[in-house]
Amino acid sequence: MAKEETKITEKKLENYTLASAFEMIYEESCDSKLSPEFYDKCNDAINFVSKELNVTHFQSIMLAILANSNESKSLNYMSCYTKCSPLRFRIHKEELDDLHYRHFVQWSMARYALEYRIRDEFMEAIIDNKPYTPKKYEDYTAYDVYTIITKWIEMLKRDEGLYEEIAKNVRRLLESTRHLIFSKDLLTSELNDLAMMVILLTVMDKIENNSDYISSSEILRILPEESGIKSFIFVLNANTCILTKKGWIENYTVNGMVEPDKFCLTDKILETTLVEFREYIDIKNENISNSLLMPDVIVEKRMYYNERETEEIERLTELLSIDRFKDIQQRLKEANMRTGFTCLFYGSPGTGKTETVLQLSRKTGRSIFQVNISDLKSKWVGESEKKIQGLFTKYEAMVKKCDICPILLFNEADAIINKRSNNTDAAVDKMENACQNIILQAMENLSGIMIATTNLTNNLDSAFERRFLYKICFDKPTVTTRKQIWNAMLPSLSCEEARGLAESYDFSGGQIENIARKQIVDSILYGHHQDVSSVRSYCDSEIIRNAKANRIGFV
């Protein structure tokens, strides 16, 4: 009799697919309070899911609700949907976490709580009625583990309340991937949860941002105060923490000086526990090199300068030539002088400062590492200083790595070389001053080539002025130079017409180029002949848009 009942049950189960079983459970569970009557109606469907996926009955119900939802859902949503008390679902939270751990569902971060959703690959298997085989942990690479932990830490940044949940799951993930050096070393190192999270934060900062150090303020922003992080930072600074005793983390130093509250990974952990990440860390360094503007992609452009500027730029071009530069640096070194070259290009807008840097790069075969000033600014205390310090560290690494020394370009550097504030009570001013001090020190120790451009010099800090070895002022072009630019930009103009324009309009090279471009565009669109009267009309409109451009002479 028992065998016949088993056959009948198996026959019933054959009529189901995961999709149909989930659909039935979902529909019947609505407002059901998960009563005995509900279980009677859905017994076969629940048994089918349990057997098919090797999950509990309650896990089958939770999977059915999530599989029929378009968005991530919380435990509270499930309790509301079924009209059960929230407590009933919270009792089964461990089972839901097990589904996450076994790759049936995944976390997402809501405003006040964790939410869960069916994994995309599992949903595809349900829809296609195909067997679902979750990825086995023994197939995980170190980078797979790192990627998962990184996502969890990003969630922790948004909600400190997830600390215990994430710490528990990190340890469970590492336990499941003991075949990896990374996981095994972290587990056998006798780290508590707090030490584990600190080392993971430091590793993440190194890999994601290629940072040389992580500051205590960054760690305190992420880990909750109740975890004991303040006391931990204290012992970390005192070098009595397990992470420093193991030789994994040490205080960051600059020019032999210890930087308090800044910590970096040691060579020891990079060569042992993190050996599986070395290739990826090296790739991050290569990506920085790939961000360089290479000289062979810069389009050749003839530049027109006044006589004084021509002499200064030619001298600088000769200095930066491959043949002369290393020899000059060597002689400076022998004379116990600084070997870095810092240059300031200053003057009115449109006078060719940035383009001159590009043409210097092309002529001397040097790549350009251009700094985006806005990327260095951060609202977080200590973050801007860290970015600037890291920037110069990366550049110095490039100088050592590249056969031809690249140019470090601070374009439109007004925001960072202006006069330092005397208001030491204002947090923003203190941060700005700290950033400028880092740049000043870096300029002192520079081993490469730094060029800064600026339109404003009235507010230039005297400390910066002293540290720029070469300072080239880009004046507006003279009448003779303007005539050359007009002829070059609009070859159809006669010499007399070009001179007339040069004498009538006190324009920069950039303004003349604007007019020439508009004239060419019109000739393409409307077939207009490029005569001097139409050029003059564009000159007049340029003056209207640029009130400071003064009309001179007579028309």
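Nothing here was measured: the structure is a model prediction, and the numbers come from that model.
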Quiz item: Is there side-chain contact between Leu187 and Arg171, with heavy atoms separated by less than 4.5 Å?
Solution: yes

Quiz item: Counting only N and O atoms by type, is there a donor-acceptor contact under 3.5 Å from the side chain of Lys471 to the main-chain atoms of Glu465?
Solution: yes

Quiz item: Between Arg331 and Glu334, is the closest basic N to carboxylate O distance under 4.0 Å?
Solution: no

Quiz prompt | Pairwise side-chain contact, Met197 with Leu156, heavy-atom cut-off 4.5 Å (strictly under) | solution = yes

Quiz item: Does Ile242 reach the side chain of Asn192, with side-chain heavy atoms less than 4.5 Å apart?
Solution: no

Quiz item: For Lys268, does its backbone N or O pair with a side-chain atom of Thr272 as donor and acceptor, under 3.5 Å?
Solution: yes

Practice problem: Evaluate the side-chain contact (heavy atoms from CB on, under 4.5 Å) criterion for residues Leu501 and Phe507: first the C-alpha distance (whole Å), next the side-chain angles of each, then the deciding distance (0.1 Å), finally the verdict. | Solution: CA-CA 9 Å; Leu501 291 167; Phe507 284 158; over 6 Å; no

Practice problem: Side-chain contact test, heavy atoms from C-beta onward, threshold under 4.5 Å: evaluate it for Leu446 versus Glu396 and give yes or no. | Solution: yes

Self-check item: Between CD1 on residue Ile515 and NZ on residue Lys518, distance to nearest 0.5 Å
Solution: 6.0 Å

Quiz item: Charged N to carboxylate O below 4.0 Å: is that the case for Lys245 and Glu190?
Solution: no

Self-check item: Contact check, side chains of Phe369 and Met398, non-hydrogen atoms, under 4.5 Å
Solution: yes

Quiz item: Under a 4.5 Å cut-off applied to non-hydrogen side-chain atoms, are Thr364 and Ile404 in contact?
Solution: no

Quiz item: Is there a side-chain contact between Phe345 and Leu316, using heavy atoms and a 4.5 Å cut-off?
Solution: yes

Exercise. Considering non-hydrogen atoms only, spot the tightest contact between Ser189 and Trp248 and give its length.
Key: CB-CH2, 3.6 Å

Self-check item: Exercise: identify the closest heavy-atom pair between Ile298 and Leu358
Solution: CD1-O, 3.5 Å

Quiz prompt | Side-chain donor-acceptor contact under 3.5 Å, Asp261 with Ser215 | solution = no

Quiz item: Without hydrogens or angle criteria, can the side chains of Asp475 and Tyr305 be said to hold a donor-acceptor pair below 3.5 Å?
Solution: no

Self-check item: Rounded distance (nearest 0.5 Å) linking atom CD of Gln484 with atom CZ of Arg302
Solution: 6.5 Å

Quiz item: Would you call Leu174 and Met196 a side-chain contact if the rule is heavy atoms closer than 4.5 Å?
Solution: yes

Quiz prompt | Test side-chain contact (heavy atoms from CB on, under 4.5 Å) applied to Ile449 and Tyr395, step by step | solution = CA-CA 10 Å; Ile449 305 159; Tyr395 174 70; 4.2 Å; yes

Exercise. Decide whether Thr202 and Asp205 meet the rule of one side-chain donor and one side-chain acceptor closer than 3.5 Å.
Key: no

Practice problem: State whether a side-chain donor-acceptor pair under 3.5 Å links Thr150 with Thr147. | Solution: no

Quiz prompt | Sidechain-backbone polar pair: Gln370 side chain, Leu292 backbone, donor-acceptor under 3.5 Å | solution = no

Self-check item: Within 45° cone of Phe325 ring axis and under 6.0 Å: Arg366 NZ or CZ
Solution: yes

Quiz item: Taking all atoms of both residues into account, what is the closest heavy-atom pair of Lys476 and Asn306, and its distance?
Solution: O-ND2, 3.1 Å

Quiz prompt | Donor-acceptor under 3.5 Å (Glu355 side chain, Met303 main chain) | solution = no

Quiz prompt | Short side-chain to backbone donor-acceptor contact, Lys151 and Trp107, under 3.5 Å | solution = no

Quiz item: Between the side chain of Arg308 and the main-chain N/O of Cys473, is any donor-acceptor distance below 3.5 Å?
Solution: yes

Exercise. Please name the pair of heavy atoms, one in Lys301 and one in Gln359, separated by the smallest distance, quoted to 0.1 Å.
Key: N-OE1, 3.3 Å

Quiz item: Going through the distances and angles, do Phe474 and Ile313 end up as a side-chain contact (heavy atoms from CB on, under 4.5 Å)?
Solution: CA-CA 10 Å; Phe474 285 70; Ile313 292 164; 3.9 Å; yes

Quiz item: Are a donor atom and an acceptor atom from the side chains of Thr478 and Thr480 found within less than 3.5 Å of each other?
Solution: no

Exercise. Taking the six-membered ring for Trp and the full ring for Phe, Tyr or His, determine whether the centres of Tyr146 and Phe182 are under 6.0 Å apart.
Key: no

Exercise. Verify, without hydrogens or angle tests, whether Ser183 (side chain) and Thr177 (backbone) share a donor-acceptor contact under 3.5 angstrom.
Key: yes

Exercise. Start with the C-alpha gap between Phe464 and Thr342, add the side-chain angles, then the distance that decides, and say whether side-chain contact (heavy atoms from CB on, under 4.5 Å) holds.
Key: CA-CA 10 Å; Phe464 279 101; Thr342 52; over 6 Å; no

Quiz item: Under the 3.5 angstrom rule, does the side chain of Arg482 hit a backbone N or O of Tyr505 as a donor-acceptor pair?
Solution: yes

Quiz item: Quick check: does any side chain N or O of Gln511 sit under 3.5 Å from a backbone N or O of Ser508, one acting as donor and the other as acceptor?
Solution: yes

Practice problem: Indicate the atoms forming the closest heavy-atom contact of Pro406 with Cys402, along with that distance. | Solution: CD-CB, 4.3 Å

Quiz item: Cys241 and Leu236: which non-hydrogen atoms are nearest, and at how many Å?
Solution: CB-CA, 3.8 Å

Exercise. Determine whether the side chains of Asn239 and Thr244 contain a donor N or O and an acceptor N or O closer than 3.5 Å.
Key: no

Quiz item: Are the side chain of Gln329 and the backbone of Ser447 linked by a donor-acceptor contact shorter than 3.5 Å?
Solution: yes

